[in-house]
There are 2 protein chains.
Amino acid sequence: MNDDRHRSMPTAQQLRIWRNYIETAEVLRTRLASRLQSESDLSAGDYQVLLALTEAEGRTVRSSELADLIGWERSRLSHHLGRMEKRGLIGRQACVDDVHGIDVVATDAGAAAFRAGSVPHLRAIRELFIDALTPAQLGEVEDLTAALRRHLERDPASGDGR
Amino acid sequence: MNDDRHRSMPTAQQLRIWRNYIETAEVLRTRLASRLQSESDLSAGDYQVLLALTEAEGRTVRSSELADLIGWERSRLSHHLGRMEKRGLIGRQACVDDVHGIDVVATDAGAAAFRAGSVPHLRAIRELFIDALTPAQLGEVEDLTAALRRHLERDPASGDGR
DNA sequence: CTCTCCGGATTGACGTGTCAACTCTGCAAC
DNA sequence: GTTGCAGAGTTGACACGTCAATCCGGAGAG
C-alpha cells in the first residue's frame with residue numbers, strides 16, 4: 001500500500017483526531033488533578049511520589065531510584081521534594097551505603113495524606129475514565145496505547161539520545 | 001448486568017490501562033512541545049494562539065473570543081499574551097466596538113514564526129502519532145476519544161459549574 | 001446623581017517543569 | 001598527590017497555569 005503515507009502532511013481529519021485525542025487527555029489530567037487537590041490537598045506529583053514511597057520497604061527510596069520509578073528528571077524531583085519537605089510530607093537523609101545517595105522517606109503525615117487521598121482519587125479515575133468506556137473499549141485503549149508506546153520507544157528523536 | 005461497576009474501585013488492570021493511557025499522552029505532549037520549541041522557538045501555547053489568530057480576519061481576534069476558541073481561562077491567556085507581546089509575536093489594542101474588549105493581533109513576526117513552525121510541527125505530529133497507527137486504529141482512537149468526551153461533558157463535577 | 005453590580009481584562013502569589021550551571025565526593029590516571 | 005572525570009543531587013532563572021483579588025467602565029436601582 002502507498003507508503004507516501006510517510007512523506008505527506010496529516011490530513012484535516014487526522015489532525016482533528018489528534019487534536020481531540022490530546023485535548024481529551026489534557027482535560028482528564030486537569031480534572032483528576034483538581035479533584036485530588038480539593039479532596040486531599042495533594043497534587044498529582046505529590047501523589048506519584050507518595051505512592052512510590054509507601055509501596056517501598058520502610059517507606060524509603062533512594063532519590064535516584066525514585067526518579068527512575070516515576071520517570072522524572074532529577075532536577076524536577078529535587079524541586080518537588082523540597083516543596084514536599086517544607087510541607088512535612090517527606091524527609092530526606094543521607095544514605096547509609098552510598099555516600100552520594102539521599103534517602104527519601106515518607107513521614108507519618110505523608111503516608112496518612114496518601115491513604116486519605118487514595119480512595120477518592122481511585123474513585124475519580126473510575127468515574128471520569130473507566131465508567132466512560134465499556135470493557136471492550138477499555139481493551140482497545142490498551143492496545144492503542146501499546147502501539148503508541150512501541151512507536152515512541154522506537155523513535156528516540158528527542159530528549160535522551162540513549 | 002452488574003451495575004456494582006459503579007460502586008467498586010478500579011481493578012489493577014484497569015489502573016494499569018489508565019496509567020499507560022495518561023502517561024503516553026503526556027509523553028506525546030512533551031515530545032511535541034520540545035520539537036516545536038527547538039525547531040521554531042515557539043511553545044505549544046504560542047502555536048495555539050498564533051493558529052487561531054492567523055486563521056482570523058485581519059489576524060485579529062477579540063481577547064475573550066480567543067479564550068473561547070482555544071479553551072483557555074482568561075487569566076491564563078492574559079499572562080501568555082503578555083509574554084508573547086514582550087517577544088513581539090502579537091500586539092494588543094483597544095477594541096473599536098466594545099469599550100471593554102481588547103483586540104489581539106498577530107504581528108508580521110508572529111505570523112512568520114507560525115508559518116515557519118507549522119510545517120515541522122505537522123510533520124512531528126505525523127511522525128509521532130499518525131505513523132504509529134494504522135488507519136483502522138486511528139478510527140478507533142476517534143471513537144474512543146468521542147466516548148470519553150461525551151462522558152466528560154455529561155459530568156461537570158469540577159471547576160465550572162456551567 | 002450616586003451607588004451598586006456586572007463583565008472584560010489584568011495582576012500577584014504561588015506551585016510546577018525544564019534547562020543549564022554548579023557542588024560534592026569517590027575513583028582512576030599519571 | 002594532584003588532576004580530573006563521573007555520578008548524585010541542588011540551585012537559579014525562567015516559562016507556564018491556577019486561584020483569588022483587583023481595576024475599570026457601563027447599566028440599573030433608588
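Throughout, protein chains are lettered first and strands after them, A, B, ... in sequence-line order, and every chain is numbered starting at 1.
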DNA chain C: first to last nucleotide in contact with chain A (atom under 4.0 angstrom from a heavy atom), 5' to 3', is C:dG15 to C:dG26
Residues from residues 67-87 of chain B sitting under 4.0 Å of DNA chain C, heavy atoms only?
-> B:Arg74, B:Ser75, B:Ser78, B:His79
For B:Leu89 and B:Leu42, run side-chain contact (heavy atoms from CB on, under 4.5 Å): C-alpha distance rounded to whole Å, both residues' side-chain angles, the deciding distance at 0.1 Å, then the answer.
-> CA-CA 10 Å; B:Leu89 296 172; B:Leu42 291 177; 4.1 Å; yes
Pairing of B:Asp108 and B:Arg59 as salt bridge, 4.0 angstrom limit = yes
Sequence neighbours left out, what passes side chain to side chain donor-acceptor pair (under 3.5 Å) with A:Glu55? Give chain and number order.
-> none
Taken to the nearest 0.5 Å, the spacing of A:Leu122 CG from B:Met9 CE works out to 6.0 Å
Opening and closing nucleotides of DNA chain D in contact with chain B, under 4.0 Å to non-hydrogen atoms = D:dA15 to D:dG26
Contacts of A:Ser43 and A:His100 projected onto DNA chain C by closest heavy atom; the upstream (5') one is A:Ser43
How are the rings of B:Tyr21 and A:Tyr21 set relative to one another: parallel (under 30°), tilted (30 to 60°) or perpendicular (over 60°)?
-> perpendicular
Which atom pairs, donor and acceptor, lie under 3.5 Å between side-chain atoms of residues 63-79 of chain B and protein residues at least two apart or in another chain?
none

Main-chain N/O of B:Glu127 paired with A:His151 side-chain donor or acceptor, under 3.5 Å = yes
For residues 13-20 of chain B, please give each side-chain donor-acceptor pair under 3.5 Å, one per line with the distance, not counting sequence neighbours.
{"from": "B:Gln14", "atom 1": "OE1", "to": "B:Thr11", "atom 2": "N", "distance (Å)": "2.9"}
{"from": "B:Arg16", "atom 1": "NH1", "to": "A:Glu142", "atom 2": "OE2", "distance (Å)": "3.0"}
{"from": "B:Arg16", "atom 1": "NH2", "to": "A:Glu142", "atom 2": "OE2", "distance (Å)": "3.2"}

Checking B:Glu140 side chain against B:Gln137 main chain: does a donor-acceptor pair fall under 3.5 Å?
-> no
A:His80 and A:Arg83: side chain donor to acceptor below 3.5 Å | yes
